[in-house]
Amino acid sequence: MVLPRSFYNRPAEQVASDLLGKLVVHRIANKTLAGRIVECEAYLGGDDQAAHSYAGLTPRTKVIFGPPGHAYVYFIYGVHHCLNLVAQPAGTPGCVLVRALEPIEGLDEMRRRRPKAKRDLDLASGPGKLTQALGITLDYYGADVTKGRLTVRDGNPEAFDIVTSTRIGITRSVDLPLRFHIADNEHVSVR
DNA sequence: CCGCGGATCTTCT
DNA sequence: GAAGATCCGCGGA
């Protein structure tokens, strides 16, 4: 079942924690590419200086200030795309960076899209890797993930432990405990 | 195994 | 101008 918009209409850290175990599903070129979210990070409004929305409402960040349940995709270091899911009600910035997926469906196609991945563990174990593996680009900036080709769905209901830690790769607001990942999962980007 | 730097686009100072 | 929510290949230990 596709997650409803109400799922995202909550504080970003709550959405981030609850996104663990859910599936990111992309239908492209008659194929279905799907991965289980094993790691993500919340980016907040207010005092969170690491959040892109901290710069205010700009053409790039406007989707973060918009209604929940949409994709915020951006291009970084001239090389990589990163996928975020917008949380919290319209007018209140907040989003969740999807940092790592465990490949579930369409492995052959993912391998084709990530020729540099030596092992399946390298297919989607990082924010730039997973967008390449699933074929997610700026075309999905602002896309509604409650319908269409890119969606987020319920996963296997098996239980797992959640580990909370500080976020990775940022230089400001580094001490906030806003990174969440599934315990003992091999596909997490940094262990 | 570890550390360094290149890639080369977008946004902001 | 410079830095950035990254990844990969190279060289050295």
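We name chains A, B, ... by the order of the sequence lines, and we start the count at 1 in each one.
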Quick one: label A:Arg167 by what it contacts on the DNA or RNA (base, sugar-phosphate, nothing), any heavy atom closer than 4.0 Å.
-> nothing
Could you tell me from which nucleotide to which nucleotide of DNA chain C, 5' to 3', there is an atom under 4.0 Å from chain A heavy atoms?
-> C:dG4 to C:dG9
Nearest-0.5 Å distance, CD of residue A:Gln49 to OH of residue A:Tyr43 | 13.5 Å
Measure from CD on A:Gln49 to P on B:dC12 and round the result to the nearest Å.
-> 16 Å
Please confirm whether the backbone N or O of A:Thr61 pairs with a side-chain atom of A:Thr58, one donor and one acceptor, at under 3.5 Å?
-> yes
What nucleic acid atoms does A:Arg179 come within less than 4.0 Å of, heavy atoms only: base, sugar-phosphate, or nothing?
-> nothing
Atom-to-atom span, NE2 of A:His80 to P of B:dT10 - whole angstrom = 15 Å
Report the residue (A:Val79 or A:Leu138) whose heavy-atom-nearest nucleotide on DNA chain B is the more 5′ of the two.
-> A:Val79
Donor-acceptor pair, side chain of A:Glu105 and main chain of A:Ala34, under 3.5 angstrom | no
Could you tell me the separation between the NE2 atom of A:His52 and the P atom of B:dT10, rounded to a whole number of Å?
-> 14 Å
Test: A:Arg10 cationic atom under 6.0 Å from A:Phe7 six-membered ring centre, within 45° of axis | yes
Assign A:Gly128 to base, sugar-phosphate, or nothing according to its heavy-atom contacts below 4.0 angstrom with the strands shown.
-> sugar-phosphate
Walking DNA chain C from its 5' end, the first of A:Ala50 and A:Arg114 to be reached, judged by nearest nucleotide, is A:Ala50
Within the distance-only criterion (no hydrogens, no angle test), does the side chain of A:Arg172 pair as donor or acceptor with the backbone N or O of A:Ala50 below 3.5 angstrom?
-> no
Take atom OH of A:Tyr54 and atom C1' of B:dC12, then tell me their distance rounded to the nearest Å.
-> 14 Å
In the structure shown, which nucleotide is the Watson-Crick or G-U wobble counterpart of C:dC7, with both distances under 3.5 Å?
-> B:dG6
Here the pair of heavy atoms bringing A:His70 nearest to A:Gly142 is ND1-O, 3.0 Å
I would like to know whether A:Ile182 and A:Glu39 meet side chain to side chain contact (heavy atoms under 4.5 Å, CB included); could you show each step before the answer?
-> CA-CA 7 Å; A:Ile182 293 181; A:Glu39 176 186 359; over 6 Å; no
Atom CZ of A:Arg172 and atom C1' of B:dT11: how far apart are they, to the nearest Å?
-> 12 Å
OH of A:Tyr141 versus C1' of B:dT11: gap in Å, rounded?
-> 12 Å
